[in-house]
Each structure stands twice: as C-alpha cells, then as structure tokens.
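For ligands, and for the atoms within them, numbers begin at 1 and follow the listed sequence. In what follows, every heavy atom counts, from backbone to side chain, and hydrogens, waters and symmetry copies are set aside.
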Amino acid sequence: MNDAASVQPVAKYRKDYTIPSHTIESLDLVFNLHTTDTLVTATSMVTATQGATVLQLVGDQLLLKDLLVDGKSWSDYTVTEEGLSIANLPQSFELTITTQINPTENTALEGLYLSDGAFCTQCEAEGFRRITYFLDRPDVLAKYTTTIEADKDAFPFLLSNGNKIAQGNCGNGRHWVKWQDPHPKPCYLFALVAGDFDQLTDTFTTRSGRDVALEIFVDKGNKQRAQHAMLSLKNSMKWDEERFDLEYDLDIYMIVAVDFFNMGAMENKGLNVFNSMFVLADQATATDRDYLGIEAVIGHEYFHNWTGNRVTCRDWFQLSLKEGLTVFRDQEFSSDLGSRPVNRIKNVRIIRGPQFAEDASPMSHPIRPEKVIEMNNFYTLTVYEKGSEVIRMIHTLLGEQAFQAGIKLYFERHDGTAATCDDFVAAMQDASGVDLSQFKLWYSQSGTPIVSVTDEYDAQSKTYTLTITQHTEPTATQQDKQALHIPFDVELYRADGTVIPLQIDGESCASLLQLKQDSQRFVFENVDEKPTPSLLREFTAPVKLNYQYSEQQLVLLMKCATNEVSRWDAGQSLMAKYIKAAVTDGCPIQLSDDVLNAYRALLVDEHLDNAFIAEALTLPPHSEVSGWFDVIDVDGICQALKSLKLNLAKGLEKELLHTYQTLASESYDVAHQSIAKRSLRNICLNFLSCLPDYSDLAAKQFKASDNMTDTMGALSAANLCGLQSRDELMQAFSDTWSNDGLVMDKWFMLQGIKPSKDALAGVKESMQHSAFSLQNPNRTRNLIGSFFANPYAFHAIDGSGYQFAGEMLAKLNSINPQVASRLLDPLLKFARYDEQRKQLMRQQLESLRDTPNLAKDLFEKVEAALK
Ligand code: TRP
Ligand code: ZN
C-alpha cells in the first residue's frame with residue numbers, strides 16, 4: 001500500500017503533453033477473483049516509441065507478486081511512489097505482471113470493488129492503475145483479452161468487454177470465461193463484472209442487417225424494472241443510425257446495474273456499468289423524471305460508443321471532446337423523442353444555475369482545463385454541460401447539414417485513435433468552410449461572458465439600433481479575457497405581437513447575429529414602430545444577458561414570442577425582476593395584474609403543451625437566484641421566493657384548482673402527454689398547498705396515488721409547504737419502502753431539503769435509518785448532499801450546518817474521496833456570503849485542510865478556495 005500522506009499532490013498541465021514512451025499492442029488479463037485477495041496477471045506486448053529502455057508504469061494500492069520480461073523473471077525494477085519503473089528493457093518485449101488486490105477494502109469504488117457482493121470495475125479516469133501497473137493514459141490503445149475465474153455458485157455471470165470466446169470449469173467449484181475485444185481501446189474503457197443477476201435480453205437488428213444481442217443485468221427480482229432501460233437502448237441505437245449515420249460495431253451490448261457507483265454510468269466498450277438509479281424503473285417506484293433520466297443516460301452511454309470509444313481523448317484535458325459532444329448528442333436524442341422546447345428549458349436552467357455558479361467559483365475552469373491535480377475533479381458541469389453548449393453553438397453556426405458533414409470528416413480522420421478538441425474543431429471547419437478560429441477561444445477561456453444590450457429607435461428614419469457589448473470578468477486562474485465569437489439570435493416584435501422582418505443595409509437578414517468584437521452595432525431598417533427585442537433566442541450562447549426590459553415588454557414576449565423557450569425566458573425575467581427588487585428592499589412581492597394575467601393566460605391555454613406550462617410556472621431555485629447577487633442574502637432570497645410563490649398561488653387560485661381537478665390522472669403510462677399532465681398537476685398542487693384552504697390536498701393525493709410521480713408530488717408539496725400531514729406521510733412512505741434503498745433515496749432527499757431550521761436534526765436521525773449508509777454514494781448524495789443545498793439549515797447562522805458538513809467531509813475523505821469532493825462544492829463558495837457565514841464556512845475549510853491523509857481530490861479544491 002502506498003501512503004502518500006506526507007507528499008504534496010502535484011499538478012499536471014495540458015501544455016506538458018508528450019507522446020507515450022511505449023505503445024502496447026495487446027493486453028491479456030487473467031483475473032483470479034477472490035473477495036479479499038484477487039490475483040491479476042497482465043501480459044502485454046510492448047514496443048518503445050523512441051528507443052527508451054526504461055518503462056514507467058503507474059499503479060496504486062497494488063501488491064506486486066511477479067514480474068517477467070519475455071517469459072523470464074526480471075529483477076531490474078523499482079517500486080516507486082507512483083508505480084513501477086522497469087529498466088534495461090529491449091525495444092520490443094512481452095511483459096507479464098502479477099499483482100494482488102483487495103476488492104473488499106475498496107470503498108472508493110475505483111478499480112475493482114464489490115457492490116452488494118458482485119465484483120465490478122470502474123476505470124475512468126485513472127482507476128485501471130488500481131488493477132495492474134500500466135500506462136494508464138487514454139492515448140495508449142491496446143487489444144484486450146480477459147479471462148475471469150471465480151466461484152461458480154456465487155458468481156455465475158463473468159463478464160468483460162467484447163465477445164465471449166471460451167469458457168470452462170476448473171473442477172473445484174470454480175469456473176472461467178474468456179472475452180476478446182476486437183477494438184483497440186484505452187484502459188479506462190476496460191470493465192469486468194462477476195456476480196449473480198437477473199438477465200433481461202432482447203435483440204436489435206442494425207440498419208445493415210446485423211443482429212446485436214442486448215443484455216441487461218440487474219439484481220435478482222428486478223428484471224421487470226429494466227424494461228424501460230431496454231426500450232431506451234433500442235431507441236438510442238435506432239436514433240444514432242438515423243440522425244448521425246452511426247451503427248453499433250459489436251455483436252453484443254451489455255449493461256449491468258449496480259447499487260454502489262460514484263456517478264451516473266460508464267461507457268466501457270460493450271459492457272456499460274450503470275448506477276442502478278439509471279436502469280431500474282416501474283410505475284410504483286420511479287417518477288417520470290427518473291424515466292426521462294434513464295432514457296437520457298442510456299442514450300448518453302450508448303452514444304459514447306462512437307464519440308468517446310471509437311474516437312477517444314488524447315489526454316484527460318481533452319475530456320470535453322467526448323463528454324461535451326456526447327451530452328449534446330443525448331440532449332438531441334431526448335429532444336427528438338420528446339419535447340424540444342421543454343428539454344431546452346431544462347438544459348438552460350442547468351447552465352444558468354449550477355454551471356454559471358461553477359464559473360464564478362474558485363474552481364472555475366475552461367471546458368478544456370489547463371491544470372489538473374485530481375482528474376476526477378474535472379467531470380464537471382463546465383466540461384459536460386457548457387461543453388455541450390459549445391458543440392451546440394458550432395451546430396448553430398454551421399447548420400445541421402454542415403455539422404453532420406463535420407462529424408463524418410471527424411470520424412474519417414480519427415476513427416480508432418485518440419484525438420484532441422482542436423482536431424474536432426478542425427474537422428468542423430474543414431467540412432463546412434466556416435471560420436472557427438476565433439470560436440476556439442471557447443475552449444480555452446473560462447468564466448461566463450456578459451452580453452449587454454442597449455437599443456435606440458429612430459422614428460424618422462424607421463431604424464432600430466442594437467448596441468451589443470461583451471465582457472468576461474477575470475476568473476480565479478485567468479485574468480485577461482478576449483472577445484469571443486458568440487452566436488446571438490434575435491427577433492423584433494410589434495406591440496400587437498407580430499414579428500418585424502429583419503433588414504440590414506437594404507437586405508433582409510437572418511435572425512442569427514454574430515458577435516465577434518467587444519462592442520458591435522446592428523442597425524435594422526424599415527422598422528415601423530419601436531419594437532420589443534427578443535434576445536438570445538433559444539439561448540444560442542452560454543452567456544449572461546443584460547438588457548433593461550420593461551415589465552410591459554416581458555409580458556408581451558411571454559404572450560407572443562414565436563418560440564416557447566423565449567416565452568418561458570420572458571416569464572423567468574419577470575420573476576427575476578420582482579425577486580431582485582424584493583431581496584434588495586426586503587419587501588414582500590406584489591405582482592401586478594398584468595403579470596398575473598400573463599401567467600393566468602399560460603395556465604389556461606389549451607393549445608400549449610402542459611409540460612411547457614409547468615416549466616413556465618416553475619420558480620428559479622434559491623441556488624440560481626444566489627448567482628444574481630454579489631453578496632448572497634440567504635434569508636432574503638428565501639423570503640422573496642416564498643412571497644413570490646404565495647403571490648402566484650393567491651392570484652391564480654381558481655385556475656390552479658381548476659387545472660388540478662381537470663388533469664386528474666387516468667391510467668398510468670409514460671407517454672409525453674401523460675408525463676406533461678402529471679407534471680403540471682403536481683405544480684398546481686405545490687402552489688395550492690401553500691394556501692390554508694388546500695392544506696389537505698397533498699395527503700389526499702398521497703393516499704390515492706398509484707404511481708411514484710404523484711406520490712412524490714404530494715410528499716414534496718407537504719415537505720416544502722410544511723404541511724401538518726408532512727411527518728405522517730413521510731412515515732407512511734418509509735414504512736412502505738424501507739427495504740428499497742433506491743426508493744428511500746427520494747425520502748432521504750426530502751429530509752435533506754426540508755425548508756426549516758430543524759432539518760439538521762432530521763438528517764442526523766435519518767442517518768440511523770436501516771436503509772442509510774455513508775458507504776453508498778446514492779444514499780449519501782440524497783441525504784447529505786441535498787442538505788448541503790438547504791438554505792434554511794445548511795446555512796443556519798449558528799454554523800451548525802457547516803460544522804456537520806465538516807464532520808461528514810472528513811469521514812468521507814477516507815471512505816470515498818470522489819464523493820466527498822463533489823459534496824464539498826457548496827463550501828467552496830464561502831466568499832460570496834455575508835461576513836458571519838463567510839467566517840464559519842472558512843473555518844470548516846481550514847480544518848479540512850489540516851485533516852490527516854487528505855485525499856488529493858479534496859486538497860485541490862480546498863487549496864483553490866483558500867487561496
Ligand atoms: N464517462 C462517464 C460518463 O460520462 C462518467 C464517468 C467518469 C464516471 N468517471 C466516472 C462514471 C467514475 C462513474 C465513475 O458517462
Ligand atoms: Zn459521458
């Protein structure tokens with residue numbers, strides 16, 4: 001075991017990239033699986049690229065048992081802090097290394113570990129080094145064969161990447177299986193699973209007529225809960241053929257659902273491993289949101305087969321090459337199958353809320369980071385979600401056809417290799433002829449650009465001038481910012497709601513403006529009246545928009561904008577106006593009749609998608625509102641949001657009740673229309689529940705519900721509005737579901753976010769619940785993680801919430817640093833709060849910094865925050 005306690009973790013820089021000293025053509029792995037002492041024998045064919053005679057391999061928590069070169073015992077090596085250094089090697093050789101590892105003790109869930117008795121692996125980003133000494137970097141691509149030997153009764157299924165080529169019995173109650181993956185891959189895509197499962201099988205016939213076996217492995221008794229995942233997988237395979245012209249490339253596609261998993265899912269070649277929350281669903285246990293999440297994540301991992309696996313990343317700084325692009329693809333998949341505007345609204349919320357917050361934090365980084373201490377810290381909203389927005393901007397600038405030509409060229413050039421973000425942009429540019437040289441700054445510049453717009457109407461000349469400036473504030477690690485290439489979509493409206501055709505220099509022009517300078521002027525001609533501009537339509541760029549809209553203009557856009565995203569956006573801006581004023585003045589909110597009427601009109605409009613109406617009525621969360629202020633007034637924002645909600649509830653009472661009653665659910669299915677109805681109905685319930693007259697509605701719905709969406713709709717309303725029935729309903733829920741951790745996660749989450757000062761006591765008590773375990777990332781995130789976002793209790797002014805956070809993080813530091821590091825994020829933002837909270841939060845960070853054996857995941861963030 002390495003003990004890295006005393007050494008300061010070192011950073012790696014993108015600029016220092018060098019090609020690997022050796023290539024590894026093939027890797028033959030043999031696993032002799034035992035729960036506490038597994039033996040791994042790794043035989044690779046190695047060739048020096050530039051004549052090196054020393055090979056440095058990385059390894060972590062490995063016990064070296066044997067080392068052979070060309071079949072002969074080799075003593076010319078040293079075991080170092082980072083791994084193994086082997087000297088005096090020939091140009092090409094066969095290297096055989098045997099290591100011993102302990103899966104039972106592996107609570108970090110990286111490398112080979114046990115999840116509820118089943119062996120599984122997680123190798124991205126740098127987990128393979130916990131299995132064997134290797135060139136654990138994504139630009140070393142090898143062909144793998146994997147032999148797994150284990151006890152036959154306990155582990156009837158032995159799985160790895162590629163195709164099964166042989167199997168047999170060992171005679172001693174043990175058996176073995178051998179797998180071969182024909183596609184060269186980096187080691188982060190390696191996977192092994194061994195266990196006893198229920199297996200749901202199906203087939204997919206590809207466009208070219210090949211049959212692919214589809215197999216989903218779940219805990220015993222859960223087979224029926226994998227049906228939606230299977231449907232989503234088939235839909236993904238079909239969609240990628242139709243929209244991206246991409247076909248699957250193996251004869252088998254396997255998915256294993258495990259309960260202990262650090263993230264959502266992992267795209268290992270031919271053998272995805274999933275967090276069970278993104279596989280298991282049925283009417284009784286999963287919400288509509290869960291169903292949609294499954295569709296998106298199944299799609300995401302499937303799409304990685306081309307964008308990530310066939311073309312992988314040269315180094316981890318290029319992570320957004322595969323993640324940004326694959327998020328873009330999964331967003332398009334969900335939009336093509338469901339509602340495009342509703343999906344867009346949900347994605348915009350993530351960017352404007354948590355992603356902008358990350359940009360403003362001490363860990364702010366470009367979508368292609370320059371400096372990394374712990375790679376796991378860079379699986380971020382910036383790399384994933386902003387990364388996807390950057391791909392979307394390319395799509396907007398090129399159009400679908402040229403974008404697809406770019407994708408085709410990208411695969412022609414880079415299939416089977418490890419590529420860079422520059423390679424991707426070059427393919428897009430070369431295929432389309434669109435100059436992306438300035439655009440590339442989006443990859444290197446961090447922070448959120450602010451686009452400010454002023455306008456002027458000249459009635460005499462009938463011209464309307466937009467002056468648009470852009471500016472990006474310095475971020476933690478980057479002082480100087482340059483002007484970006486920003487696609488900026490606009491429309492102009494007359495007071496009657498009709499659209500004014502755009503004309504510049506005597507010619508009609510497209511709605512997409514291209515911003516490239518610090519400041520630009522656009523003079524529109526033949527504008528017959530002073531217009532209302534609709535700006536940044538469809539959120540064509542991940543920027544903050546500044547324009548002094550009047551209430552009247554926003555009400556007009558809410559009613560008349562030609563696209564739903566703009567209507568929603570106008571509504572959000574209206575809410576923002578009132579919230580900002582209320583927080584600043586400390587007065588309760590009193591919405592004007594015009595505003596109430598605008599919301600009323602949306603609510604009763606039968607032509608609108610119910611799911612869209614639900615989005616329009618959803619208030620911005622506390623976390624997003626916090627980002628609007630230089631100093632966060634925790635309590636003021638709570639008050640303002642409460643007041644706004646109450647105002648809407650009172651003002652729209654009749655319509656809310658009517659909608660609630662008329663949308664009463666029929667038989668349950670997950671068609672978009674049914675999801676939309678439930679979503680709007682539950683929003684209505686949430687508003688009504690804060691009015692005394694309807695305080696029994698939630699309990700009624702809870703008791704009548706035959707599906708988890710309505711159950712949770714009722715329970716959340718009771719929890720959020722602090723209804724009298726709250727505790728009784730929570731108890732009933734726990735009585736029903738206490739044996740199902742995945743369902744209990746919903747209950748834990750409600751305990752964590754309970755909007756009251758006593759939430760901490762509830763959280764501590766919930767930690768004693770039989771379904772809770774700090775070792776399980778889902779449980780921890782739902783209970784502890786949700787509490788860290790609780791403005792009432794986490795931010796309690798006596799510091800009790802922060803102190804609890806410090807204790808939990810210290811514990812998780814030794815159990816699972818990756819999970820700890822994600823939970824830490826709210827504390828990093830301490831500088832944004834009032835003096836008292838700032839000091840209290842800072843104290844916790846300081847004592848964390850002094851924690852013995854602080855993992856580098858936490859070290860990197862704590863250092864950045866305290867600097
Ligand atoms: N590549 C995975 C995805 O985006 C995410 C991932 C990275 C991951 N590191 C992980 C998943 C560690 C689980 C554990 O789909
Ligand atoms: Zn991914």
Side-chain angles (χ1 to χ4, degrees), residues 60 106-113 115 120-131 136-138 161 185-193 229 232-233 236 240 255-279 293-313 315-334 350 367 369 372 374-388 391 776-778 780-781 816-822 855 857:
D60 188 8
N106 183 351
T107 57
L109 315 185
E110 273 190 289
L112 179 70
Y113 65 93
S115 172
C120 64
T121 56
Q122 172 56 41
C123 294
E124 188 177 6
E126 299 178 323
F128 194 72
R129 62 189 63 185
R130 291 172 179 240
I131 293 173
D136 186 358
R137 44 188 286 170
N161 318 83
K185 64 167 176 288
C187 63
Y188 82 86
L189 290 173
F190 168 78
L192 171 155
V193 172
S232 301
L233 176 58
S236 306
D240 216 13
I255 292 174
V256 183
V258 300
D259 286 336
F260 286 71
F261 204 66
N262 281 345
M263 306 253 271
M266 180 61 212
E267 71 265 23
N268 318 300
K269 186 78 188 187
L271 177 57
N272 291 179
V273 178
F274 269 61
N275 186 323
S276 53
M277 69 179 285
F278 289 117
V279 174
I294 288 169
E295 178 179 271
V297 177
I298 293 266
H300 181 96
E301 306 313 329
Y302 176 74
F303 303 142
H304 267 316
N305 189 57
W306 279 93
T307 50
N309 302 4
R310 288 292 290 252
V311 180
T312 192
C313 301
D315 54 73
W316 287 121
F317 298 100
Q318 317 293 328
L319 180 62
S320 202
L321 175 71
K322 73 175 177 82
E323 294 305 345
L325 179 53
T326 303
V327 171
F328 172 77
R329 277 152 54 68
D330 85 55
Q331 289 176 350
E332 284 300 292
F333 170 60
S334 295
I350 293 173
I367 64 167
V372 166
E374 169 52 61
M375 190 53 215
N376 284 331
N377 282 342
F378 290 86
Y379 288 77
T380 59
L381 291 154
T382 301
V383 168
Y384 274 65
E385 305 297 325
K386 185 176 179 181
S388 165
I391 302 294
N776 184 303
N778 287 1
T780 299
R781 277 187 290 256
N816 187 330
Q818 210 179 329
V819 168
S821 179
R822 279 184 184 275
D857 315 52

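Across the listed options Glu301, Met266, Met375, Glu301 owns the non-hydrogen atom lying nearest to atom 15 (O) of ligand 1.
Nearest to atom 6 (C) of ligand 1 among the protein's heavy atoms is Met263 CE, 3.3 Å. Here the protein heavy atom with the shortest distance to atom 7 (C) of ligand 1 is Tyr379 CE2, 3.2 Å. The single protein non-hydrogen atom nearest to atom 1 (N) of ligand 1 is Glu124 OE1, 2.5 Å, given as residue, atom name and distance. Among all protein heavy atoms, the one lying closest to atom 4 (O) of ligand 1 is Tyr384 OH, 2.6 Å.
Only the side chain of Lys322 comes within contact range of ligand 1, with a heavy atom under 4.0 Å; no backbone atom does. Proximity of Glu110 to ligand 1, defined as any heavy-atom pair under 4.0 Å, is not found for any part of the residue. When non-hydrogen atoms are compared, ligand 1 lies under 4.0 Å from the side chain of Gln122 (C-beta onward) but not from its backbone.
For His304, the closest heavy-atom approach to ligand 1 falls below 4.0 Å.
At a threshold of 2.8 Å, the Zn ion (ligand 2) has a backbone or side-chain N, O or S atom of Glu323 nearer than that distance.
Ring centroid separation for the pair Tyr113 and Phe260 does not come in under the 6.0 Å cut-off.
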Please step through side chain to side chain donor-acceptor pair (under 3.5 Å) for the pair Glu124 and Tyr379, ending with a clear verdict. CA-CA 10 Å; Glu124 188 177 6; Tyr379 288 77; 2.7 Å; yes
